[in-house]
S.K.: 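Structure in structure tokens, see below.
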Amino acid sequence: YSTFPRSPKWEKEDVTYGILNYTPDMPQADVEEAIARAFQLWSSVTPLRFIRVYDHKADIMISFAAGVHGDFYPFDGPGGTLAHAYAPGSQIGGDAHFDEDENWTKFTTSSGYNLFLVAAHELGHSLGLSHSNVFGALMYPTYVAMDTRDYQLHQDDIDGIQALYGPPRESSAFPTKAFPQQEPTEMIPAGAPTEMSPREEPTEMTPSKPPQRPDDCDPHLTFDAITTLRGETLFFKDSYIWRKSPYFSEIEHDTISSFWPSLIAGFDAAYEVDNEDRVLFFKDDQYWAVSGYSIESGFPKPIQNLGFPTKVRKIDAAVHDQNTKRTYFFVGSNYWSFNEKTKSMERHYPRKIAADFQGIGYPIDAALQKNGYFYFFHGSNQYEVDIKKKKLIRIMKSNSWFNC
Amino acid sequence: LPVAPEKEKEDMQFAKKYLENFYDFKEEKALFKAKDLDKMSDKIREMQSFFGLEVTGELNHQTLDMMKQPRCGIPDVRS
């Protein structure tokens with residue numbers, strides 16, 4: 001790896017970014033997602049946090065432009081130079097420019113350039129890294145098409161950025177060590193006796209890592225929350241998302257921070273009000289609203305705003321009924337009904353779950369509304385209930401949606 | 001296959017621009033063309049070394065191929 005002359009870097013941990021304009025090649029939400037994911041790569045291995053702002057004074061301004069575009073480095077039409085970015089500093093310092101004459105794509109295709117991949121590279125410059133001559137490193141100068149769904153930084157990139165900013169705060173005193181990208185990582189709790197496998201290099205202590213994502217078909221798999229989102233179904237557990245889409249058959253694996261870097265992992269509940277294109281996420285006594293894919297400003301807000309009594313400190317699950325425009329909130333053995341039209345909790349609640357939803361186990365971990373049925377998840381069991389009749393139809397495994 | 005003279009000239013021009021952009025090559029109006037070519041050959045060697053190509057100082061096929069890869073606009077080396 002290499003840095004710019006005199007190794008300029010941001011002298012703070014909270015760095016702001018703004019998106020000045022968008023490419024017509026991709027839906028705006030996909031551009032935002034690609035950029036957020038690119039930032040998340042770097043925040044996951046440094047103490048840095050990236051906060052999106054909506055005015056023109058962000059540290060790192062991201063824009064799309066073709067040919068001459070106001071700095072001394074005009075772009076050159078399709079191919080050739082794809083993008084460039086400036087070393088940390090005031091004014092244009094840190095900014096990243098993308099050549100609008102390229103075809104920008106969300107996924108790696110043969111006919112376009114993966115915006116996430118190029119953005120991640122340019123943000124490396126925005127943070128102070130220059131080019132690396134290690135093939136396979138993100139900071140290698142030429143574009144190398146690859147599948148980016150489980151993309152991880154190369155060790156050379158991690159060494160470079162940690163030489164400027166150090167390791168992430170939560171980790172141990174030792175720099176993060178990334179195993180070669182193809183090999184699975186072994187989860188060793190910090191301080192536990194370690195057995196050295198031939199693949200490991202001797203370290204005094206292996207940093208603890210977030211729990212590894214359980215297998216799709218783990219019979220004991222349970223969920224924190226489940227919601228629909230623009231036709232897809234998202235299953236949450238700790239920091240992980242299982243994403244089931246009508247557009248492709250296999251389950252996609254993501255992390256919450258790859259979608260919403262500023263949201264914390266481990267939701268309690270989530271539901272979508274589809275006619276408002278809005279999803280609400282709940283954690284402890286707070287909730288967030290996401291419009292489309294973007295977090296609404298002004299959140300989190302206390303759940304009491306929705307009409308819960310103060311003694312309710314968290315909710316277990318939530319599900320929205322598209323037909324009646326009611327949302328049901330489940331807490332322990334009780335449930336509330338919230339009128340989304342009047343935005344108010346209905347009278348004569350809470351009621352007993354056992355009274356109206358007979359046969360289902362509680363507390364409820366997560367709830368989903370799909371195809372005219374409610375699905376209530378309790379541990380590794382899932383209860384399919386006819387919404388109109390509130391009648392239990394059948395009991396399935398919680399991960400029955402994963403084609404096991 | 002032998003390269004047509006126009007193509008060769010075009011490639012040379014492309015290489016010169018690439019080295020100016022990314023390897024700090026400055027074409028000086030040297031009195032002697034040979035001196036200019038020497039400097040360029042040095043820069044080609046630098047670029048070949050950076051990308052792990054065989055270091056020959058010559059604008060061979062592999063080197064030109066690498067120059068034509070889509071890439072980032074930031075220079076690889078700087079004075």
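Owing to the predicted nature of the structure, the values given are computational and were not obtained by experimental measurement. All values below were derived from every heavy atom in this structure, side-chain atoms included, with hydrogens, water molecules and symmetry-related copies excluded. Below, chain A is the first sequence line, B the second, and so on; all start at residue 1.
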S.K.: When rounded to the nearest 0.5 angstrom, what is the spacing between CE in B:M47 and CG in A:N133?
M.R.: 12.5 Å
S.K.: A side-chain contact here means heavy atoms from C-beta on lying under 4.5 Å apart; do B:F22 and A:P141 qualify?
M.R.: no
S.K.: Report the distance from atom CZ of B:R71 to atom NE2 of A:H121, rounding to the nearest 0.5 Å.
M.R.: 7.5 Å
S.K.: For A:K106, is the NZ atom crowded, meaning more than 12 foreign heavy atoms sit under 6.0 Å from it?
M.R.: yes
S.K.: When the ring centroid of A:F135 is compared with that of B:F51, is the distance short of 6.0 Å?
M.R.: no
S.K.: Can you confirm whether B:R45 is buried at CZ, in the sense that more than 12 heavy atoms of other residues, nucleotides or ligands lie under 6.0 Å from that atom?
M.R.: yes
S.K.: Is it the side chain or the backbone of A:S132 that comes within 4.5 Å of chain B heavy atoms, both, or neither?
M.R.: backbone
S.K.: Taking all atoms of both residues into account, what is the closest heavy-atom pair of A:F4 and B:I74, and its distance?
M.R.: CE2-CG2, 4.1 Å
S.K.: If I compare all heavy atoms of B:P75 with all of A:S130, which pair ends up nearest, and what's the gap?
M.R.: O-OG, 4.3 Å
S.K.: Is there a side-chain contact between B:D76 and A:Y140 in this structure, where contact means two heavy atoms from C-beta onward sitting under 4.5 Å apart?
M.R.: no
S.K.: Taking side chain as everything from C-beta outward and backbone as N, CA, C, O, which of these in A:Y143 sits under 4.5 Å from a heavy atom of chain B? Side chain, backbone, both or neither.
M.R.: both
S.K.: Quick one: what part of B:Y18 sits under 4.5 Å from any heavy atom of chain A, side chain, backbone, both or neither?
M.R.: neither
S.K.: How long is the gap from OG1 on A:T142 to NZ on B:K68, to the nearest 0.5 Å?
M.R.: 15.5 Å
S.K.: Restricting to non-hydrogen atoms, name the atom on A:H131 and the atom on B:C72 that form the minimum distance, rounded to 0.1 Å.
M.R.: NE2-SG, 3.5 Å
S.K.: Select one option (side chain, backbone, both, neither) describing which atoms of A:E102 are under 4.5 Å from chain B's heavy atoms.
M.R.: neither
